[in-house]
Amino acid sequence: MLEVRDLIVDYDKTEVVRGISFEIKKGEIVSLIGANGAGKTTTLRTLTGLKRARSGSVLLEGQAIQGLPAHRIAGLGLAHVPEGRGIFPFMTVPENLEMGGYLNRDKASFRRNLETVFERFPVLRRRQHQLAGSMSGGEQQMLAIGRALMGNPKLLVLDEPSLGLSPVMCQEIVRVLTELRAAGRTIILVEQNARMALRLADRAYVLDRGRIVLQGRGRDLLDNPNVRTAYLGLATAVSAPASPA
Amino acid sequence: MSQLKVTGITRRFGGLVAVDALDLTVEKGAIHGIIGPNGAGKTTLFSMISGTLAVSGGRIEFEGRDVTGLPPHRTVSLGMVRTFQRSAVFHHFTVVENLLLGTHLLARPTVLGSLFGSHRRFTSADLEAAEEILCFIGLADYRDAAAETLPLGHQRSLGIGIALAAKPKLLMLDEPAAGMNRTESEALMQLIRDVRDRMGATVLLVEHDMQTVMGLCERITVLNFGRKLAEGRPAEIAADSAVIEAYLGLDEDAQAVAAHA
Amino acid sequence: EDTLDIGFNAPLSGPAAGWGLPGLTGINLLVDRINAEGGLDVGGKRYKLVVHQFDNEYTPSKALQGARQLVLEHNVKIILDVGGSTGDAQLPFLTEHKVFYAPEATADINPKRPYIISGADYFPRGEMMRMAYISQMYPQAKRYAVVSQQDATSLVGQAWEVGAAKAVGFDVVYDEFYAPDTTDFAPVVTAILATKPDIVSLSISWPDFIPLLMEQLYQQGFKGIVAANYIEPEQALQRVPADWLQQVKAIDSYPLFDDPWWGDPSAQHDFAAKWNARYGAGGPEDLKRPMNGIDWLYTPMLQAYLASVQKAGSVDPDKVLAAFRSLDTISTIEGPTAVTGEEMWGEKNMISPLVPNNEFRADCNCKRVQSLTRFETWFAAHKDAVIAEVRRRNQMWDQRQ
Amino acid sequence: MAVERLAARATARPAARRNVRHWPLLLAAVTAILAFAAPFVLPTYQTELIILFLMNLVLVVSYRLITTTGDWGLAHVVMMGAGGYSAALMAKGLDLPVWLTVPLAGFVAAAVAGLISVPLLRTRAFGYFIASFALGELLRLFWIRLDVPFGGIRGIINIPEGELFGHSLFETIPYYFFALFVAFVCVGIMYLLDRSRLGMTWKALYSDPALAECVGIDVTHYRRSAFMIGSGFAGVAGAMLAHRMGAIDPKNFDLITMLYLIIWVVVGGTQSFWGAMVGLLAMTFVFELTRPLLEWRPLIFGVVLIFFLIFVPGGIESLVGRLRGWIGLLKRDAS
Amino acid sequence: MDLATFVQTFANAVISSSIYALVAVGLALSFGVMKMANFAHGEFFMAGAYVVYVLYAIAGHPFILAVLCAVPIVALMGLAAERLIFRPTRDNLLAGFMATAGLSFILQVLAGRIWGVGLMKRVPTPIMGAVDFAGAHIGSQRLVILPVAILTLVALWLFLNRTRQGKALRAAAQKPEAAALQGIDLNRMSALAMTIAGASAGLAGALMAPVTPVTPYMGHSVILMAFVVVVLGGMASIQGAMIAAVILGFVITFCTTLFDGVIATMVGVGLMALVLVVRPQGLMGRETV
Ligand SMILES: Nc1ncnc2c1ncn2[C@@H]1O[C@H](COP(=O)(O)OP(=O)(O)OP(=O)(O)O)[C@@H](O)[C@H]1O
Ligand SMILES: Nc1ncnc2c1ncn2[C@@H]1O[C@H](COP(=O)(O)OP(=O)(O)OP(=O)(O)O)[C@@H](O)[C@H]1O
Ligand SMILES: CC(C)C[C@H](N)C(=O)O
Ligand SMILES: [Mg+2]
Ligand SMILES: [Mg+2]
């Protein structure tokens, strides 16, 4: 469904994504994991048009979309839940959702989507009259995901949905993502929380300083000793508490 | 002897209590780690100690002196220097200039001094100090490169170098290893140890990279929701069930259960 | 061929351009006429007149720069300008180089600056004569309010006007200034009307502001007498009804040169006809406009200067100055003019044509001269009282250093 | 963005010494000779223009000094006015000689700046821009409103031009040398400051205020010192103007004048010490060349301003860097 | 101040508040909402007045028609400014602001060159006469401004809060990137904002043409007060701008009547300086988002 080839992205001449290629098939959850600053967010931002690539191509169902402005790519069915959620803080919950369906001028299907989102996230229905900025982090994350669902996206792009969330909230997110997969959605998931990401993913890619260094099925990566050392910290920390100087 | 003593410190943002009546003691000469989930209040704590953020309540003592609410340039002059979570260097300057700027406190340029006196140019002592730090942080090859062109890892080292130039007694590092690979973070760990051993500075460290934290720190404080969840030696922390639950993560199977619930 | 260079160092752009730019029309008319006659005859020698212009934007530093350029590069002998703060800036330089300075309004005259020819504007003689005229024609009016924009010139003008008003026995109930960038005159007029005046004088309010102030006076129900330095009835009529204008008399000092009062033939009618042929109704389609009070305002001073040059038989500044001060009458577009000014300004550098008092008339929707008054006569009788008031306000020439 | 390597000069490096370049010295010598000869060979009017240029030079360099901290304000010509007014009042009221009024005016302007910096420095970026405009306008309104001692709307007239070593400064040539001397001293001092540790500290504020604070730089203190020093030199320029014009009024220091100052700076660029001077020079030429176009001039300036902001945001000085880059490329290609 | 004067001053203040609101609302939209600080807003106002001057005073068309023409013409100018100036300088507020200062020079010169700088342009009062209301006299022409201002403000409020485009505009202002991700075209939104800003400036100028001096420089006094209103109101808030307009209208009107115009301006500007210092986000501004 989505294919990325030799993507290179830079900020003021510093390359942060250094030629990565990967693909996502319909109905899959694909995770990108990697350390802070590995270039995960940058990759996603390039996919959805918030950032221009230096070179490389992005194909959505065979159509090249690199270089299109973000609002055009949104029109093609990519919904991006950005890092930090990006909800509109001074708008109410329904208004936020309405913006998610901005490109959908059909009132009836908009209503239907709204109903579906409210059913999936009952907490949003309860917060209907609240300004989005005053909701808790987890609720905001639900709103952001709900907003992304409003446009019936072909591909859902999630950047660190667990960021800043308590473990309980994280579990809630995991529940939602599992449900979405069950409903047949295609999802790219970027997570700092590698354990969670690998568990959810059908397939996963490991990014290190702008390059893909490992790829495979989520479960397999979870057991990969290198991954355990580098990204799941815990394993080695527990086994070797005081590393020598 | 405790060098930094924080009692009952609190910070609110609107309704949110980011740091909640926290007590913390850092021993002189220690490498002390602070960990905790995202948003636990670690950066906020640093900001309050260094004076960039006002406290909503509580008291901070440094070497027996009340430093609560002092502006950053004052806390720095007392010897408490911090680095930033984001990579922060003076982008428009060269590496050596960055280090020279770090020596600001040792000079505090004045108008008259800049015209006629000692602040017209850098003294050889300043330069020597800068060169020394340059070697110390391993950037001697980049002496005259513009800071903005450095790779991220080097920018972080430079950030630490800038802090070192101010001759800190307490160095507060906010996620120094973020974005570094294993080799880089190993080097960083060595650098931090050197800072303590050779410069005699106490180090207070916030870090998500467990390998670094566990390998480096003698003592670790775990924050959660702005409160102290646990404190102890690395091995104790790694085994603490509350810490595992809130931060290190539930047991794998338990999580799997949660995911399918 | 010898030339006699004339500088026009006035606001040609910017907010004050209305006081400068139109003045070029009258000057060009006059200069072209003289050049067409073969130039200015000075003791048998013919001089061609050349006008050089500089836009001083009504800014002192620019004005000084302009003066320097006009004098040092073009060797001009006289500089025409609005005067006021631009005059203060260039006069030390001009005095040093013995170049004549001709501001419309007389307040720039000062014994330290002898090379001045000023006074085509009725300011502030007209202000005083209006007070005299009103007290004589409308003796029941007592309570007097005056307002004008806050600028250098109006401080002086209002001082003389209030002096005259007190001298003829009015009760001064309101005596203030408004900010020159006022956009809303309603509160200004409300404040005036709160003092229940019989006469509201808009003094030397800028011509642009007069209709707006009048409109407020009308809307807020004023029924007394309105007076001002310069009123364009045509403009006022776009905002207030003619019968109200007639009711409040709308008294001013600027004459219309097609007023039958001047008689036919007369120099005034002649000028009006020529101006209209070139710039007015007969002018090119894209330029034509009605004549206003600034169009001719610089010509009398140039006429006075040229007459003095001819009498001196030389362009030497000192000889010209001596000739100027000794002229009995100068014939100008405003009529024959004497040279006076010592008592008001400490020096005899003011030309002083007769001052008209006009009133609005609904029958022709225009203003008509009601009387031409000789200022000197009236002033001789009232000067002590007037000068006392001007002194009280620190606006005598020797106080404004 | 062209980055200035200031400490590279502030630090005495042997490498730089070995490689002494001769052309700056040569340039300085030629400029000096031209500057001394100018009033004797040029027509008086041109000399007067140079005097004006010298005053503007002090003004523009002092404005640039403040912008090195990242503070772009709209009060600079008002500060110049503060100097102008104080020089005028000191010369007229206290009969002080010129060599005293000019530097004192600078100190007064700096003091006034210190006063308004108290509220002003609580703002940043666009807030600073607007607040500086408001506070400057407030000061100007005081001059307009208060007849005593500022002469109200009329301003102050008959300001003594003063004399120096027996020469009346009313004459063009003595005043020219006086202005030359003052400009040389002021620009020289600002040059030294720019190269000093203080200058470097100011630029550090612009580069990263939060980090600056954390290496112990008292941000407000150094922003204030830049603001006060810059304003002080603007005050000196104002004093020079007051003595030359013999009259000043609030209109001399209005927003339009400030916009012209901004045009000079934008055209020249603020990264290097010379950028703003180059901008002033270029725009002075444009100003004189377009004199015949009179009423069209503001339009031309407006177009120039927009053009530079959009197409050459770094100003003329940034072109030098680009030019060097191109030349470098050419050379490489050639070799 | 006696009762009659108070009533009259109060009425003046109401009218002047509505004028401030009308003038400032476009600025609040483009500056507060889309971070485009348009220094030439005053010149847009001037342009509106000139359209009325040309169509109504010179060509003799009905006043209403002239006003209706002024709105789209100045709206187009706003659109052009967005395209040519704000878009290229989008991430630099100050550069856009300075560049529009250049634009204001250009528009002043053009107006002056085409229609002359001379004396004020004569725009006859379309509705002469005054209305008496509870002892206050208000010119009928001014009285028209009050409902128009209220209607405009209400319409704008409804647009922003009830329509899809209006909400998209708010969304784009609050989180530009997130808005783009929903398919909202940021370029279109800022063009829309500047078009509305231009239209409202044109409307204000057109309505004011008969009651204020019409000159190429009339924008100067407008822009200062408009910025005072916007900053005072909290730069991101239309409601704030409205409240600030009322505060300023009353303060300035009463100070002018009680003292004089200069003091009134000083109080107005001083108020803004004070607010900037004490509450940099303005009266109704929000804490940083
Ligand atoms: N706007 C920017 N300008 C310059 N450099 C940037 C910018 N945004 C990100 N970077 C740099 O690009 C690199 C990759 O950043 P990115 O945000 O893509 O990483 P990430 O993998 O998403 O990290 P995280 O886990 O922290 O979200 C980092 O070194 C970062 O410092
Ligand atoms: N300026 C602010 N305004 C409002 N809330 C804030 C502000 N700064 C921090 N917070 C909130 O305070 C809480 C603590 O933040 P802090 O940055 O201290 O976390 P942290 O422990 O450093 O997290 P991380 O590991 O992600 O760096 C968070 O919920 C954050 O959203
Ligand atoms: C004082 C003068 C320059 C004013 C002039 N009388 C005018 O009405 O424009
Ligand atoms: Mg990221
Ligand atoms: Mg943090």
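In the text below, chain A, chain B and the rest are named by the order of the sequence lines, each starting its count at 1. Only a predicted model underlies this, so the values are computations on that prediction, with no experimental measurement involved.
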Checklist entry - Of the listed residues (D:W72, D:F308, D:F307), which shares the most heavy-atom pairs with chain E below a 4.5 Å separation? => result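 The residue among D:W72, D:F308, D:F307 with the greatest pair count is D:W72.
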Checklist entry - Do you know which of D:V118, D:I256, D:L121, D:L120 has the most heavy-atom pairs under 4.5 Å to chain E? => result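 Sorted descending by pairs with chain E, the first entry is D:I256.
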Toward chain E, the part of [X] with a non-hydrogen atom under 4.5 Å:
X	result
D:V266	side chain
D:Y260	side chain
D:I300	neither
D:L305	side chain
D:I263	side chain
D:I144	side chain

Item to check | Distance under 6.0 Å and angle within 45° of ring axis: D:R297 vs D:F287 | outcome: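 The answer is yes; both the distance and angle limits are met.
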Please classify the contact of [X] with chain D as side chain, backbone, both or neither, using a heavy-atom distance under 4.5 Å.
X	result
E:L107	neither
E:M266	both
E:F259	neither

Next on the checklist: Test: side chain to side chain donor-acceptor pair (under 3.5 Å). Region: residues 257-272 of chain E. Which pairs qualify, not counting sequence neighbours?
Outcome noted: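 Listed by first then second residue: D:R145-E:D260.
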Checklist entry - Hey, what do you get for CG (E:L169) to CD (E:Q174), rounding to the nearest 0.5 Å? => result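 With rounding to 0.5 Å, CG (E:L169) is 10.0 Å from CD (E:Q174).
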Checklist entry - To the nearest 0.5 Å, how far apart are CG in D:D71 and OH in D:Y128? => result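 The distance works out to 4.0 Å.
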Checklist entry - Going through the checks in order, is the ring-ring contact (aromatic ring centres under 6.0 Å, His included) test met by E:F31 and E:F97? => result CA-CA 10 Å; E:F31 171 54; E:F97 191 62; 7.7 Å; no
Next on the checklist: With heavy-atom distances below 4.5 Å as the criterion, would you say the side chains of D:M79 and D:L139 are in contact?
Outcome noted: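 In contact.
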Checklist entry - Hey, which of E:T89, E:L84, E:I263 has the most heavy atom pairs under 4.5 Å with chain D? => result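 Top count of heavy-atom pairs under 4.5 Å with chain D: E:I263.
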Next on the checklist: The criterion is salt bridge (Lys or Arg N to Asp or Glu O under 4.0 Å); which residues satisfy it with E:E82, sequence neighbours excluded?
Outcome noted: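 Per chain and number, E:E82 pairs via salt bridge (Lys or Arg N to Asp or Glu O under 4.0 Å) with E:R87, E:R90.
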Checklist entry - Would you say the side-chain atoms of D:R223 and D:T69 include a donor-acceptor pair closer than 3.5 Å? => result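 No, no side-chain donor-acceptor contact under 3.5 Å.
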